[in-house]
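Worksheet: the structure to be examined is printed underneath.
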Amino acid sequence: MIISDLISDLTSMLPDSHVEEKSSPNQFFGNDGDIIISPKTENDIAAVLHYANENNKKMNIAGNGTKRGFGGTENKADILLSLSDYKGIIEHTVGDMTITVKPGTPFQELQDYLSTHNQKISLDPSHPEEATIGGVIAANDSGPKRLGYGSARDHVIGLRMAYPNGEIIRSGGKVVKNVAGYDMNKLFVGSMGTLGVVTEIVLKLRPLPKYESLMLLTFEKESKEEIRSFAVQFLDSMMEPVSMELLNPELAEKLTGQKVLTLAIAFEDVESSVHYQEEFVKNMKSGASQMTILAQQEAKEFWKRFNYLFPNGQREQNGLAAEAVVKVGVKNLDVIQILKESDWLEDAHNVSVHAHGGLGHGLCQVHLQGAQDDIIKAIDSLRKTVKQLNGYAVIKHLPLALRQVIDVWGGKPSYFFLLEGIKTKIDPKKTLNPKRYVGGL
């Protein structure tokens with residue numbers, strides 16, 4: 001079937017949705033389509049899926065495209081299903097602190113609305129103004145405040161999904177306490193859109209904190225044992241920070257102007273509790289050479305700058321340097337070793353490295369910039385270190401040309417047969433987001 005016939009079929013079938021040919025599918029990041037469809041209703045989404053499945057057409061799914069560089073080895077599919085117009089709030093139950101939304105809603109738009117009700121979604125994904133809530137859920141995204149907030153998976157209490165055959169299903173519910181049956185939400189959150197298209201998301205909310213602050217503790221490069229000692233003592237205390245993020249000197253310089261190893265400890269609570277925890281940190285023998293406290297708006301501005309430092313799939317790189325973002329998971333205090341490795345990568349492979357990691361949860365993010373060959377060698381070196389630490393390394397952002405030569409997911413895990421079985425059961429024709437997930441699923 002030629003493209004004009006495909007457009008004609010879909011236009012007649014979906015008169016209320018926008019259907020057009022892509023004049024130049026994205027060659028740089030891929031995960032695009034010959035044609036783009038922007039549905040307005042759930043029925044249209046289901047109809048497109050049914051059509052694609054019945055006619056053996058492959059379909060990529062996107063919100064605003066910030067995660068276009070995450071997974072996938074194909075430049076384009078037959079159809080790109082764009083959910084950027086399928087957005088808005090369906091229901092907000094203020095008293096129950098839950099909200100039901102469409103997946104194409106920008107994350108920051110949701111937060112701005114909820115702030116008028118003194119509520120928020122307790123997540124801190126990168127690029128909140130561009131990222132959609134559907135993309136955040138599909139990738140199970142989170143940021144430095146994962147220590148206090150958890151990941152996207154922890155906040156979803158219900159989903160409405162369109163299966164590849166067009167069937168609509170619901171998992172979870174609309175209240176926080178859902179105890180009947182299997183928690184099917186967790187199957188779909190983080191599956192990168194390979195099992196179905198999210199059409200509705202129910203999220204639990206939290207009140208906005210009365211007060212917040214950010215303590216920046218700077219350490220000399222040789223002070224890694226002092227950082228470990230401080231982290232052990234602090235994590236064993238009764239304090240409740242929402243982040244305990246270690247920044248490598250290069251990243252700290254971009255955020256604070258000081259090129260020195262920096263620990264960012266964030267607190268959110270009533271003001272008296274926040275100040276009590278600040279004093280606790282001050283009284284600890286931390287080994288820090290300097291302590292700075294950013295309160296309220298200053299703290300918010302710091303995290304806003306942080307969230308926009310890293311690349312995303314909406315922005316093609318400038319110049320000759322390639323960019324990669326690697327998500328590393330290790331035991332919480334092994335984060336110190338990963339940041340030490342990032343210093344070595346700069347010298348050994350001639351790449352620029354901006355890295356950070358959570359001492360309370362063990363997740364790190366390593367941003368690499370340099371020539372393509374140097375990027376490949378640096379990722380390989382990083383993965384060897386991670387393997388020695390019994391961790392994992394997943395590439396969250398990379399140009400298509402490099403994704404075609406590097407396994408983004410780092411090989412098939414021992415439980416791959418389970419993932420493959422689920423994919424085969426739900427999407428036997430591999431209609432959705434082909435080769436986007438672990439092992440080329």
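For the numbers below, each heavy atom of this structure counts, side chains included, while hydrogens, waters and symmetry mates do not. Numbers here are sequence positions counted from 1.
Side-chain polar atoms of S213 and E278 form a donor-acceptor pair below 3.5 angstrom. For the residue pair E341/Q337, the side-chain donor-acceptor check at 3.5 Å is not satisfied. The closest side-chain donor-acceptor pair between Q314 and N312, if any, does not fall under 3.5 angstrom. If you check the side chains of T132 and N64, you find no donor sitting under 3.5 Å from an acceptor. Side-chain contact, Y308 with E130: no donor N or O sits under 3.5 Å from an acceptor N or O.
Using a cut-off of 4.0 Å between Lys/Arg side-chain N and Asp/Glu carboxylate O, K412 and E420 are scored as not salt-bridged.
Checking H356, K259, Q365, H367 one by one against L251, the side-chain contact (heavy atoms from CB on, under 4.5 Å) holds for a single residue, H356. For the side-chain contact (heavy atoms from CB on, under 4.5 Å) criterion with I379, the lone passing option out of V408, D374, I406, V351 is I406.
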Checklist entry - Checking ring-ring contact (aromatic ring centres under 6.0 Å, His included) for the pair Y211/H275: CA distance, chi angles, key distance, verdict? => result CA-CA 10 Å; Y211 190 83; H275 290 325; 5.1 Å; yes
Checklist entry - Given the rule in the ring-ring contact (aromatic ring centres under 6.0 Å, His included) test, do H127 and F107 qualify, once you have shown the distances and angles that lead to the verdict? => result CA-CA 9 Å; H127 309 286; F107 185 82; over 10 Å; no
Checklist entry - Can you check ring-ring contact (aromatic ring centres under 6.0 Å, His included) on W409 and Y437, steps first, answer last? => result CA-CA 8 Å; W409 300 96; Y437 197 40; 5.2 Å; yes
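Of the inter-residue distances, the one linking Q297 atom CD with K304 atom NZ reads 8.5 Å to the nearest 0.5 angstrom.
Within the 3.5 Å criterion, the main-chain N or O of I376 finds no donor-acceptor partner in the side chain of D380.
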